[in-house]
> 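Got a structure for you, written out below as structure tokens; questions coming shortly.
Whatever order the structure lists ligands and atoms in, that order sets their numbers, starting from 1.
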Amino acid sequence: MSKKRFETTVIHEGYNAKDMLGSLSTPLFQTSTYEFQSAQHGERSFLGEEDGYIYTRLGNPTVQVLEKRIAELEGAESGLAFSSGMGAISAVLISLTKANDHILCSSGLYGCTFGLLMMMKEKYNMTVDFSDFTSREEIRSQIKENTACIYIETPINPTMQLIDLKLVAEVAKEYNIPVVVDNTFSSPYLQRPIELGCDVVVHSATKYLNGHGDVIAGLAVGKRNFLDHVASTTQKDIGAVLSPFDAWLLLRGMKTLPLRMDRHCDNAEKIVNQLLLHEKVEQVYYPKNDKSDIFSKQMKRGGGVIAFELKGDKEDAQALLNRLEFVKVAVSLGDPETLIEHPATMTHAVIPKDERLKMGITDSLIRLSVGLEAWEDIWNDLEQALNS
Ligand code: LCS
């Protein structure tokens, strides 16, 4: 059969109703364990000589539909589901590194990812460097003999800066260093790092993939050998596995990803245009408006997150948030509801101030996750808050 398009894959991949009594909705296997046919069957299962299920931390049919689906959507060989985005990121980073290694990262990262790296640095005597990955020479000059992996967010949370994934992947290949990309802000509908030569993609599936603000989940995709290794070591033994019910909710939410994502993008483009005209707004950061050519090389559309710099200080930023009437002051992103937050005191508060400022996270930077409401209503609320 011919390869299916994204909009079809996101609804069908990895599940065949004929195998499940015709149930069109993927059944929810809400079980922690599985009965063996005999003691010998149990023994053979633990030896890996049988394909069946043993215990849900080691595998679950509902979760596996999700894992197959995300792998296909990202153009990867294999996928793994975790109990959170941080569960996925920590399992992947711990699997790729050992004590005394070096990790090269994008010059901005989600606060908890930064925190995890600092913890690994301290506990395992690692070195962590940050890069803008702007040229081949810059990347080559930052790679060391003990560089174990390159870890990138693009667009970067919350500054929305972009990194050229194909360029990084090409240089990393020269040194045989794996490139891990956090694709949370784009989802595979807007950006597919594996197709650009990167090795592993991680997601906070809590955001656009689930899309309904009711699940915490993480996903990782990449080569089958690597993910089998993660599954049988860091995932199995540290144990950040996704619950079958959350996998079921994610499978349900993901079916509308293309529709939701296009609407997020439509709304965000409208809001960006309004913000650019507003006298209280100093700067607007949105991938589509990025001055480089990276956006057109690797993203289908700009996504639903906007960052903007307010004319003023921390108090002005906080006052703006407090004046909003229906836009919600909340962290997270990718929900139907428009969410607004203050990175310096919320999502990125764990980063020391000098590092945070180097990342471009000033006290007057505001992050807006544009929801699915009527864009005019979102703008009316923002405008009244900006004007008063
Ligand atoms: N990666 C990125 C880019 C994120 O934005 C987040 C969470 C994570 C990973 C971690 O995912 P989780 O474990 O929460 O599923 N970002 C958040 C944010 O910006 N606001 O609230 C959470």
Side-chain angles (χ1 to χ4, degrees), residues 66 70 74 80-94 105-117 119 151-163 165 180-188 190-191 193 198 200-221 234-235 238-243 246-247 249-250 253-254 264 285 287 299 303-307 321 327-335 337-351 356 359-361 365-371:
L66 172 67
I70 188 65
E74 289 281 5
L80 265 187
F82 295 84
S83 55
S84 68
M86 289 316 303
I89 294 165
S90 56
V92 165
L93 282 177
I94 292 168
C105 303
S106 49
S107 54
L109 291 169
Y110 169 56
C112 294
T113 306
F114 181 88
L116 169 71
L117 287 164
M119 191 261 278
Y151 185 92
I152 290 173
E153 279 181 21
T154 179
I156 294 176
N157 181 3
T159 54
M160 306 309 289
Q161 287 153 277
L162 305 181
I163 290 166
L165 290 176
V180 183
V181 180
D182 185 330
N183 205 22
T184 298
F185 273 44
S186 303
S187 88
L190 300 181
Q191 174 174 277
C198 301
V200 181
V201 168
V202 290
H203 278 284
S204 169
T206 312
K207 314 289 163 35
Y208 291 104
L209 286 169
N210 179 57
H212 293 75
D214 48 16
V215 166
I216 298 279
L219 295 165
V221 303
T234 44
Q235 194 199 37
I238 295 177
V241 289
L242 188 62
S243 85
D246 285 345
L249 282 172
L250 244 166
M254 269 167 67
H264 283 295
Y285 305 101
M299 290 184 78
V305 181
I306 305 167
L321 267 54
V327 168
K328 307 295 178 209
V329 179
V331 293
S332 204
L333 51 114
D335 290 358
E337 297 83 4
T338 296
L339 309 180
I340 197 162
E341 68 116 3
H342 184 236
T345 58
M346 296 177 183
T347 48
H348 294 70
V350 296
I351 304 175
R356 174 164 69 67
M359 291 178 177
I361 307 170
L365 188 78
I366 288 172
R367 190 187 76 187
L368 184 71
S369 167
V370 181

> Taking all heavy atoms of Ser369 and all of Gly334, pick out the closest pair and write down the distance.
OG-N, 3.0 Å
> Please name all residues satisfying side chain to side chain contact (heavy atoms under 4.5 Å, CB included) with Val350, sequence neighbours left out, ordered by chain then number.
none
> Walk me through it: do Phe185 and Leu190 pass the test side chain to side chain contact (heavy atoms under 4.5 Å, CB included)?
CA-CA 9 Å; Phe185 273 44; Leu190 300 181; over 6 Å; no
> Taking any residue with a non-hydrogen atom under 4.0 angstrom from an atom of ligand 1, which ones do you get?
Ser84, Gly85, Met86, Ile89, Tyr110, Glu153, Asn157, Asp182, Thr184, Phe185, Ser204, Thr206, Lys207, Ala217, Val331, Ser332, Leu333, Thr347, Arg367
> Who are the side chain to side chain contact (heavy atoms under 4.5 Å, CB included) partners of Ala247, not counting sequence neighbours?
Thr62, Val63, Leu66, Leu242
> With sequence neighbours excluded, give me every salt bridge (charged side-chain N to carboxylate O under 4.0 Å, His left out) pair touching residues 338-348.
Glu341-Arg367
> On a heavy-atom basis, which atom in Val215 and which in Ala217 lie closest, and how many Å separate them?
CG1-CB, 3.7 Å
